[in-house]
Amino acid sequence: MKIDAVTIFPDYFSPLQLSLLGKAQEQGLVEFGIHDLRSFSTDNHNTVDDTPYGGGAGMVMLPEVWGKALDPLMTHETDLIILTPAGKRFDQPMAASLSTSQHLVFACGRYEGIDDRVRQHYEGKNYRVHEVSIGDYVLGGGEVASLVMIEAITRLIPGVLGNPESLAEESHNEEGYLEYPNFTKPSVWRDLEVPAILLSGNHGEIAKWRAAQAAERAKKNL
């Protein structure tokens, strides 16, 4: 999978070189391209924003600069993801769907967001455009949200996880349950004991206990 991100803060994406994502790049499973939006500006101040038509607080990111940045990246295999608090909520099914894409482009807005004509233009050219939010809160920009999405998506690509069985038993699986609580050695820590069932060796009963714990967690989080 090829993943591009357009941002005014390229250094935000340095964590992509770490851990599983760093290894995935070494193995050729994922390729990242990080593009500085300001390099597509045409004035001496590298301007990427201006005041909004109709008035209001804040600044809006210029469509011309975004067009110049996105045009060279877009193909009809591309999924363009525009990060915005007004977008569709990101979840595990969306991560699974996007993990099959050949090419993702993340448009990391700042200030009051990107001029909506950018979305309109690429949708009008029959590109796949997704406005996405990672939750009901406001961030300083789309970079953090992009990193969240990239990690959730790429770990679903075959070969990225060291143990593929982890995908079958993790949080937010396809059945909608949260993951059960996990424990490791020692069996007693600060007077807190590991549940006895996990020490029993009875895998059938352990599976039942874990399913009940996962269901209880899901119920508590409603």
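Below, all heavy atoms of this structure are taken into account, side chains as well, without hydrogens, waters or symmetry copies. Treat the numbers as computed from the prediction; the structure is a model and nothing was measured.
No side-chain heavy atom of T42 sits under 4.5 Å from any side-chain heavy atom of E64. In this structure the side chain of I134 reaches within 4.5 angstrom of the side chain of L139, judged on heavy atoms. No side-chain heavy atom of E151 sits under 4.5 Å from any side-chain heavy atom of L20. In this structure the side chain of L104 reaches within 4.5 angstrom of the side chain of L98, judged on heavy atoms. The shortest side-chain heavy-atom distance between V6 and L73 falls under the 4.5 Å cut-off. Using a 4.5 Å heavy-atom threshold, the side chains of I153 and M1 count as touching. Between I8 and M61, the closest side-chain pair of non-hydrogen atoms falls below 4.5 Å.
Contacts of R119 classified as side-chain hydrogen bond (donor to acceptor under 3.5 Å, both in side chains), with partners at least two apart in sequence or in another chain: D116, E123. Annotation: side-chain contact (heavy atoms from CB on, under 4.5 Å) contacts of L147 (sequence neighbours excluded): F13, L16. In this view, S41 and D43 satisfy the side-chain hydrogen bond (donor to acceptor under 3.5 Å, both in side chains) rule, not counting sequence neighbours. The salt bridge (charged side-chain N to carboxylate O under 4.0 Å, His left out) test applied to D136 returns R89, not counting sequence neighbours. The side-chain hydrogen bond (donor to acceptor under 3.5 Å, both in side chains) search around D79 returns S101, R128, H130, not counting sequence neighbours. By the side-chain hydrogen bond (donor to acceptor under 3.5 Å, both in side chains) test, E112 pairs with no residue at all, sequence neighbours left out.
To the nearest 0.5 Å, atom OG1 of residue T78 and atom NZ of residue K2 are 9.5 Å apart. Taking CG of L198 as the start and OG1 of T184 as the end, the distance is 11.0 Å to the nearest 0.5 Å. Taking CD1 from I197 and NZ from K208, the interatomic distance works out to 9.5 Å, rounded to the nearest 0.5 Å. Atom-to-atom distance recorded for L62:CG and L37:CG is 8.5 Å, nearest 0.5 angstrom.
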Evaluation steps, side chain to side chain contact (heavy atoms under 4.5 Å, CB included), between I3 and T154: CA-CA 10 Å; I3 298 177; T154 55; 3.6 Å; yes
Side chain to side chain contact (heavy atoms under 4.5 Å, CB included) assessment of L70 paired with H121: CA-CA 11 Å; L70 292 174; H121 170 78; over 6 Å; no
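V138 forms part of no hydrophobic cluster, judged by ILVMFWY side-chain heavy-atom separations under 4.5 Å. With side-chain heavy atoms closer than 4.5 Å counting as contact, directly or through intermediates, V188 stands alone and belongs to no larger hydrophobic cluster.
Here ring pair (Phe, Tyr, Trp, His ring centres under 6.0 Å) pairs that include residues 20-63, with residues two or more places apart or in two chains, number zero. Residue pairs meeting the side chain to side chain donor-acceptor pair (under 3.5 Å) criterion with at least one member in residues 139-148, sequence neighbours excluded: T7-E143, R110-E143. For residues 63-119, every residue pair satisfying the ring pair (Phe, Tyr, Trp, His ring centres under 6.0 Å) rule, not counting sequence neighbours, is listed here: H76-Y127. Residues in residues 188-222 take part in no ring pair (Phe, Tyr, Trp, His ring centres under 6.0 Å) pair, two or more places apart or across chains.
Among the candidates V129, L80, I81, the single residue satisfying the side chain to side chain contact (heavy atoms under 4.5 Å, CB included) test with V105 is L80.
Closest heavy-atom contact between R38 and D36: N-OD1, 3.0 Å. Of all heavy-atom pairs between T100 and S97, the closest is OG1-O, 2.7 Å. Here the closest non-hydrogen pair linking M149 and L83 is SD-CD1, 3.7 Å. Considering all non-hydrogen atoms of both residues, V194 and P186 come closest at CG2-O, 4.0 Å. Shown here for A57 and P52, the closest heavy-atom pair between the two residues is O-CG, 4.4 Å.
Y180 and L199 fall into different hydrophobic clusters, where Ile, Leu, Val, Met, Phe, Trp and Tyr are joined by side-chain heavy atoms under 4.5 Å apart, directly or via other members. Tracing side-chain contacts under 4.5 Å through hydrophobic residues (I, L, V, M, F, W, Y), one reaches Y137 starting from M94; they form part of the same cluster. One hydrophobic cluster, built from ILVMFWY side chains closer than 4.5 Å, cannot hold both I82 and V60; they sit in different ones.
No side-chain donor-acceptor contact under 3.5 Å links S19 to the backbone of L21. In this structure, the side chain of R217 engages the main chain of E179 through a donor-acceptor pair within 3.5 Å.
Using a 4.0 Å cut-off between a side-chain N of Lys or Arg and a carboxylate O of Asp or Glu, E26 and K23 do not qualify as a salt bridge. The residues D115 and R117 are annotated as salt-bridged, a charged nitrogen and a carboxylate oxygen being separated by less than 4.0 angstrom.
Annotation for E131: atom CD counts as buried by contact number, over 12 foreign heavy atoms lying within 6.0 Å.
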